[in-house]
Amino acid sequence: MLALQGDFREHVAVLRSLGADVITVRCPEEVATISGLVIPGGESSVMDKLARSFGVADALKERIAGGLPVYGTCAGLIMLADRIVDGIRGQQSFGGLDVAVRRNAFGAQTESFEADLDVPVLGEPPMHAVFIRAPVVAELGAKATALATLEDGTVVAVEQGDLIGTSFHPEMTADYRFHQYFLDKVAARSSSL
Amino acid sequence: MSESTTHEFGSNRVKRGLAEMLKGGVIMDVVTAEQARIAEDAGAVAVMALERVPADIRSQGGVARMSDPDLIEAIIAEVSIPVMAKARIGHFVEAQVLQALNVDYIDESEVLSPADYVNHIDKWDFTVPFVCGATNLGEALRRINEGAAMIRSKGEAGTGDVSEATKHIRKIKSEIAALSSMSKDELYVAAKELQAPYDLVVEVAETGKLPVVLFTAGGVATPADAAMMMQLGADGVFVGSGIFKSGNPEKRAAAVVKATTFYDDPSVIAEVSRGLGEAMVGINVADVPAPHRLAERGW
């Protein structure tokens, strides 16, 4: 669990309730020990700066290139995107997902919302999704697959191999299917090694 | 998106949720777009747009009000992190104006001169979320009952003296701990004594925490101050006058951000505390006469 800034405690609680063995990650030494990573919601520009100044960014880029399963929510989706639209000056990401993600795509906080969302890969019922100053996938690259879209076609959940990103926050509801979906990927990858 | 009927805006979860995303971060007071840029570049998780930092409000005196809309809009245009702005306690029209300006959070703040000495703003009426100050648990729960989606302990703003911030966060935390150990029948009396709604008191007793995010504020001036607030159980830190009233705002701002993330790692705090230049001069809270103490505004 990346714990530089944001709502990582909520994610930790969800992952533990699903039986996962969770540690918080703030430095490169910790990155070396993990078999999967969740990047929480928060402020992506802050996570980027902290990750770079403490050497976590380089260590993570290497692990992601080596196939580390990662799930990012909101700011976490931004950190996983190969390209950022509307970032702050000089903002970087870890990358991995062949997408361009637009930061804060809906506008000010008064435009934040909740909605029910069909996620075919998770089946029924629809997921109740919470969008908070949320990013969206502005451009889906050839290697990435959309997992969910809003009614206007905007992509808000995406997958590429063992990397998953959602614009919204399943950790804020009681529906943990995305976390389970991710843990299944981690388990499958660990047993194949 | 606002034309859609399936999207719910301004819900409790969405309002409180933004504060959840700010956790582990530093919110900085800024009075110009240039300062907002410096704050964002240094790693602020949000900025508080205002005309005068609390230290200047304190030294210049007079009635302190909501900032000029031009200033707030210039700051919103300059940065992409969330922008907060202050309304006077009870001044619901200032809050309406701030919502119309599209700020991301409104601080109903004792740092400004109160507009109503009886009522706070009915915050349920708004789509935009509110943060409010509190010196104790009862005050925090009364604000939450009025619709606050985030609480900050008050401290004594504009002093650079962290002692009041320490007192308030310790007080809130210890009152929460006391509730957690009470039996159910004792909670009725606890609610009466806290002067807080019974349902919220029961919720705090059961969960062992406030139902909203708790930041701390008022007098935080150094990386060690910020880390101490985090170790005392704050979810994050507001730094008001402490950054832009110091010798090297860029460096100090970045140092406070790092110390807030690595609040439990003294070697990191030591490293970032080196060579920051002069901290804000500050005044001891004990030297501020009681009528001029901002924390006593609001009830």
Side-chain angles (χ1 to χ4, degrees), chain A residues 3-10 24 26-27 40-54 56 73-75 84 86-91 103-117 126 128-134 136 150-152 154 168-169 171-173, chain B residues 1-27 37 40-46 76 78-84 99-106 126-129 149 209 213 235-236 254 257-258 260-262 264-265 268 272:
Chain A
L4 295 168
Q5 188 272 321
D7 71 333
F8 50 84
R9 278 201 303 271
E10 284 63 30
T24 55
R26 292 183 300 183
C27 64
E43 178 47 56
S44 60
S45 62
V46 177
M47 286 184 209
D48 166 40
K49 254 182 262 292
L50 289 166
R52 276 193 278 152
S53 54
F54 290 93
V56 173
T73 62
C74 196
I84 300 175
D86 292 342
I88 77 162
R89 188 173 57 185
Q91 184 170 350
R103 224 169 129 244
N104 193 19
F106 297 97
Q109 167 64 10
T110 48
E111 300 298 323
S112 295
F113 63 96
E114 301 182 40
D116 287 328
L117 197 65
H128 190 69
V130 185
F131 294 84
I132 297 172
R133 283 176 51 97
V136 301
L150 295 176
E151 56 271 37
D152 66 357
T154 306
F168 48 92
H169 297 277
E171 77 279 11
M172 294 186 66
T173 65
Chain B
M1 288 291 141
S2 24
E3 72 281 359
S4 167
T5 50
T6 55
H7 294 182
E8 187 191 356
F9 297 88
S11 65
N12 225 2
R13 183 143 56 187
V14 159
K15 288 173 165 179
R16 294 178 179 185
L18 177 55
E20 298 283 346
M21 299 312 141
L22 303 176
K23 285 192 300 194
V26 182
I27 300 169
R37 154 94 7 243
E40 184 176 73
D41 284 343
V45 78
I76 291 174
E78 183 66 28
V79 296
S80 60
I81 55 177
V83 175
M84 302 183 165
Q99 175 163 283
L101 291 173
N102 266 331
V103 304
D104 295 299
Y105 239 94
I106 295 175
F126 292 79
T127 308
V128 68
K209 63 185 195 61
V213 164
D235 290 319
V257 168
K258 288 174 185 165
T260 300
T261 290
F262 291 89
D264 54 354
D265 187 337
V268 172
V272 302

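Chain letters run A, B, ... following the sequence lines, proteins first and then strands; every chain starts at 1.
Per-residue counts of heavy-atom pairs under 4.5 Å with chain B were compared for A:Asp86, A:Asn104, A:Thr173, A:Ile132; the largest is that of A:Ile132. Residue with the most contacts toward chain A among B:Val213, B:Asn102, B:Thr260: B:Asn102 (heavy-atom pairs, distance under 4.5 Å). Ranked by heavy-atom pairs under 4.5 Å with chain A, the list B:Pro129, B:Gly10, B:Ala46 is led by B:Pro129. The residue among A:Arg9, A:Arg103, A:Arg26, A:Arg89 with the most heavy atom pairs within less than 4.5 Å of chain B is A:Arg26. Per-residue counts of heavy-atom pairs under 4.5 Å with chain B were compared for A:Ala108, A:Ser44, A:Ala129; the largest is that of A:Ala108. Chain B forms the most heavy-atom pairs under 4.5 Å with one residue out of A:Glu114, A:Glu43, A:Lys49, and that residue is A:Glu114. Considering only heavy-atom pairs separated by less than 4.5 Å from chain B, the leading option among A:Gly6, A:Ala115, A:Gly87, A:Ala3 is A:Gly6.
Summarising the geometry of A:Gln91 relative to A:Asp48, their closest heavy-atom pair is CA-OD2, 3.6 Å, with the distance given to 0.1 Å.
For A:Phe8, no part lies under 4.5 angstrom from a heavy atom of chain B. Neither the backbone nor the side chain of B:Ala254 comes within contact range of chain A; no heavy atoms are under 4.5 Å apart. Residue contact with chain A, scored on non-hydrogen atoms closer than 4.5 Å, is absent for B:Phe126. Using a 4.5 Å cut-off between heavy atoms, A:Ser45 contacts chain B through its side chain alone, with no backbone atom that close.
Checking side-chain atoms of B:Thr261 against main-chain N and O of B:Lys258 turns up no donor-acceptor pair under 3.5 Å.
Side-chain contact between B:Ile81 and B:Val45: absent, with no pair of heavy atoms (C-beta onward) separated by less than 4.5 Å. Considering only heavy atoms from C-beta on, A:His169 comes within 4.5 Å of B:Met21 through its side chain.
Looking at residues two or more places apart in sequence or on another chain, you find no salt bridge (charged side-chain N to carboxylate O under 4.0 Å, His left out) involving B:Arg16. Evaluation of the side-chain contact (heavy atoms from CB on, under 4.5 Å) rule for A:Asp116 yields A:Pro126, A:His128 as partners, not counting sequence neighbours.
Atom CD of A:Gln5 sits about 8.0 Å away from atom CG of A:Leu50, to the nearest 0.5 Å.
B:Gln99 and A:Thr110 form no side-chain donor-acceptor contact under 3.5 Å, judged by distance and modelled atom types alone.
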